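Have a look at the structure below before the remarks.
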Amino acid sequence: MEFETTSSWIWDGVHHHPHVFGCLMLTAALLGLSTSYFGGIGLSSFPYMCWDLGFFYKKRCEKKKPIRVYMDGCFDLMHYGHANALRQAKALGDELVVGVVSDEEIISNKGPPVLPMEERLALVSGLKWVDEVIANAPYAITEQFMKTLFNEHKIDYIIHGDDPCLLPDGTDAYALAKRARRYKQIKRTEGVSSTDIVGRILAVNDTKACNHDDKLSSPGDSFTGNQSSSAHISQFLPTSQRIVQFSNGKRHDRGRQGPGPNAHVVYIDGAFDLFHAGHVEILRCARQLGDFLLVGIHTDQIVSEHRGKHYPIMHLHERSLSVLACRYVDEVIMGAPWEVSKDMITTFNISLVVHGTIAECNSMLAGIADPYAVPKSMGIFRILESPKRITTTSVAQRIVANHEAYMKRNAKKAESEKKYYAAKVYVSGD
């Protein structure tokens, strides 16, 4: 018994450094054959030591049980803040299971969602850090649902951000998980929220109304950006670290790799504003046509010139992170040119240029050259049938059509946001 209790550090060493300890034990055994070295270790001890060594080699070869973590959310108007939260959650375990709250639960607790369940599922499933998705998850972690997570889904920890999540009665939605000591916290991503994005869209709509505009975008308007006409200025501060974090963690747990010399590189470009389910689906289709998907993201200037002065709603770095988070994307060009040139095709070894049938651009502008003239002349251009008819404008119009309901929801949320920032303290991590 004394041997077992005083030498646990030895077995830990054997497990982590088997070759070193194996040599030491074998040397000790051989010395024991001829001398009484090491306190009388003799021949009789040799089988025991070899048996133990074999046990630890076996232990080392046993497959480690993956740590499964769970994070839930509404994921309405999915943005890079949601993606970053799920990236952090995945880093706390080996497998990430995501619960997507049902439409009914969102209506009861927060008001009407902008995106229906089908679209929110497509967005969450399209993230490269997500392993499994549970549809129609409850808004609050009840005792029954928590048992289901632990017993059926084999969840080890429940994850949430450092911002409070309160139920209508004022109680903590994650109180049970905290009491069970199966709760872990991540850092909230500053500078963006669904409430903020809704605010940007509503502010643009208010500006239109003051200017007596009839459409969300005005053909031929020069670039002013959404920020000049909106009180909801983006607070996002892009850093090189955040871009690296989103660039890594490629699907199937591989690090980001460039295409090989013989890879079939597919290129698709666009604004990818208010990243939605239609974007996910067209990127999935494009990726299936080759070995490597390169995505060009147009500058704010280009987007505004071709869609109107109120666009883009999300600026270049925000849009780039949303695209980088997609599991079908291998690389992005931040600030891609409007026209696909021969030099660009050669530089990136592009084999195929594709474009969807559903796209938003200002066709009323005269004298605009065909951006795909070069790949068409080279015979490497292809039109893809867009799987969904969703557009940035159609998503924005859902909010405008429900203007009053979203104004009330935003006003309520603004109060909780104000309290959060008033009590905010530094949180390490991320």
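What you see below is based on every heavy atom in this structure, not just the backbone, and it leaves out hydrogens, waters and symmetry mates. Here the structure is a predicted model, which is why all the values come from computation and not from measurement.
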> Taking it one step at a time, do Gln245 and Asn84 satisfy side chain to side chain contact (heavy atoms under 4.5 Å, CB included)?
Replying inline: CA-CA 9 Å; Gln245 289 169 339; Asn84 192 47; 4.3 Å; yes
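- With a 6.0 Å radius and a threshold of 12 heavy atoms from other residues, nucleotides or ligands, Lys376 has its NZ atom above the threshold.
- Between Phe246 and Trp129, the two ring planes are perpendicular [angle over 60°; tilted spans 30° to 60°].
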>> Assess the residue pair Asp156 and Lys65 against the criterion (salt bridge (Lys or Arg N to Asp or Glu O under 4.0 Å)); give the C-alpha distance rounded to whole Å, side-chain angles, the decisive distance to 0.1 Å, and a yes or no.
In response: CA-CA 11 Å; Asp156 295 292; Lys65 177 185 175 295; 3.4 Å; yes
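- Taking the six-membered ring for Trp and the full ring otherwise, the centers of His153 and Tyr70 sit at least 6.0 Å from each other.
- Using a 4.0 Å cut-off between charged side-chain N and carboxylate O, Asp300 and Arg319 make a salt bridge.
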> Should Val374 and Ser341 be marked as a side chain to side chain contact (heavy atoms under 4.5 Å, CB included) after you check the CA-CA gap, both sets of side-chain angles, and the distance that decides it?
Replying inline: CA-CA 6 Å; Val374 172; Ser341 65; 5.6 Å; no
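- In terms of heavy-atom proximity, Thr142 sits nearest to Leu176 at C-CD1, 3.6 Å.
- Here the closest heavy-atom approach between residue Ser125 and residue Arg327 is recorded as O-NE, 2.9 Å.
- Ring planes of His315 and His317: perpendicular class, angle over 60° (limits at 30 and 60°).
- Within the model, atoms CD of Gln288 and CG of Leu293 stand 11.0 Å from one another, a figure rounded to the nearest 0.5 Å.
- More than 12 heavy atoms of other residues, nucleotides or ligands sit less than 6.0 Å from atom CZ of Arg284.
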>> Under the criterion salt bridge (Lys or Arg N to Asp or Glu O under 4.0 Å), I'd like the reasoning laid out for Glu132 against Lys154: C-alpha separation, chi angles, the key distance, then a yes or no.
In response: CA-CA 12 Å; Glu132 297 176 27; Lys154 309 301 180 185; over 6 Å; no
>> What verdict does the salt bridge (Lys or Arg N to Asp or Glu O under 4.0 Å) test give for Arg68 and Asp131, after you've listed the backbone C-alpha separation in whole Å, the side-chain angles of each residue and the deciding distance to 0.1 Å?
In response: CA-CA 10 Å; Arg68 288 170 61 83; Asp131 297 294; over 6 Å; no
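- Ring geometry for His82 against Phe75 counts as perpendicular: the plane angle is over 60°, on a 0 to 90° scale with 30° as the lower cut.
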>> As a quick check of understanding, evaluate side chain to side chain contact (heavy atoms under 4.5 Å, CB included) for Ile201 and Ile197, giving each step before the final call.
In response: CA-CA 6 Å; Ile201 295 169; Ile197 295 170; 4.2 Å; yes
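- Under the 4.5 Å side-chain criterion, counting only non-hydrogen atoms from C-beta, Gln397 is in contact with Thr393.
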> Going through the checks in order, is the side chain to side chain contact (heavy atoms under 4.5 Å, CB included) test met by Glu360 and Asp273?
Replying inline: CA-CA 10 Å; Glu360 293 181 277; Asp273 198 14; over 6 Å; no
